[in-house]
Amino acid sequence: MKRLIPLLGLLSLLFLPFQAIRADGGERITDFRSVVTLSQHNVLSVAETITVDFGATSHHGIYRDIPVILHNGSDSYYYGFKLVGVASSSGAPASIAGQSQTGDYQEIKIGDANRTVVGAQVYTLRYELTPFALKNGPLDRVNYNVTGQGWQYPIDHVSLELLLPAAPTATPVCYTGTAGSQAHDCTISGSGTSVISLSSATLPRGSGLTLDMNLPGGTFSTYLVANQKPPLSASFWTHLALAALVWLTVLVVIGLFVYRKIDGWRQRRNQTVVAQYEAPDGLTPGQIGLLVDSKSDMTEFTATVIDLAVRGYLKITRLERKIIFFTRVDYQFDRLKPNDGLQDYELTAITMIFASGDAVKLSQVASTAAASQNQKAILQLRTQLGSSLRTAGYYAPHASLLG
């Protein structure tokens, strides 16, 4: 846990530049330009060009909080949101560093976590909201929050070009300021299906520009429905499917493991055990050890050494030496006769033991100095044991044996 805390602290520093941009450090939006098309199918397609002046303060990028919920009295209307893309016209990084919904807003982090910028930067953001318009009695209502109220620094100038599927029934109304404000520091122009709105004063922190209008009833093929949330996005289902696939794979692997364990236990419980007190076909203990579990390790090596002692090739003597309250145990190996008649793996074992002479102790054989040679000898013995059983017909020529 003590190692984890500094790591978490280091990771948190990566997000400080994005957090710092929310504080008032002199940053400002010099121009917020929005070109929007509202189709007969009730899809609002937005292209925003945001010019930000960071001054001398370096940042990784900006937050863009896009309103995705419209509150109208006791009812709430939910827009379906689709991010089309981001770009930059001034060489600034324009990748998406993060996307999530916070309250009434879809929050987009635009920038590059591995690079910072200063001065004036231009970001272009394209997205869609659908369905967008709602019914207002016999008419259709369009209420568009152009900038949102989430900006934590002032906006010098806002311009909106809106193309509609039908002309408004009356002159649209624009509002500026915080949510619920009735201020009109803005102008409306255009004719027919084209509406142009401009801010006429700098919008303070937390302020925005909103447009409200009515269109003829039946203009759209579909409408917002009060308190009805949009269906989950395709990306959500994709991530859900991937997560389900991962969990299914884990469960299948666990199931197969448990099945094999239970099946092995069942086979061992039901098998008939036939006692045999002599090795079949004159196999040595080392060969039988490999044959029993298809595995060769120090057990087979030890069995081979003891078998060589039983057959008179060497003598093993237990040595004890008392040290105060403890007894130190070692073993003495003495060569008794030549290596005539030994198989190759037996020759490897006895050569490893008597590498330094005809009378050695186990502590000498297992010394650090001999470790490398001993490891090579044991690996060679494993290979030779397997080869002897393949030659005897107990394994297929290319059967894989565990080391």
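- Listed here is the closest heavy atom pair of Ile108 and Ile66: CG1-CD1, 4.3 Å.
- The two residues Leu134 and Tyr223 come nearest to each other via the heavy atoms C-CD2, 4.0 Å.
- Closest heavy-atom contact between Thr193 and Pro165: CG2-C, 4.3 Å.
- Side chains of Asp330 and Ser363: a donor-acceptor N/O pair is present below 3.5 angstrom, by distance only.
- The OG1 atom of Thr51 sits 13.0 Å away from the CZ atom of Arg28 when rounded to the nearest 0.5 Å.
- Under the 3.5 Å distance criterion, with hydrogens and angles disregarded, a donor-acceptor pair is assigned to the side chains of Gln384 and Thr348.
- Both tests hold for Lys337 against Tyr313: distance to the six-membered ring centre under 6.0 Å, angle to the ring axis within 45°.
- Between Leu38 and Leu163 there is no side-chain heavy-atom pair separated by less than 4.5 Å.
- Between Ile50 atom CD1 and Phe32 atom CZ the span is 4.5 Å, to the nearest 0.5 Å.
- The CG atom of Leu379 lies 11.0 Å from the CG atom of Asn374; values are rounded to the nearest 0.5 Å.
- For Arg126 against Leu83, the heavy-atom pair with the smallest separation is O-CD1, 3.7 Å.
- Taking the side chain as every heavy atom from C-beta outward, Met352 and Phe301 approach each other to under 4.5 Å.
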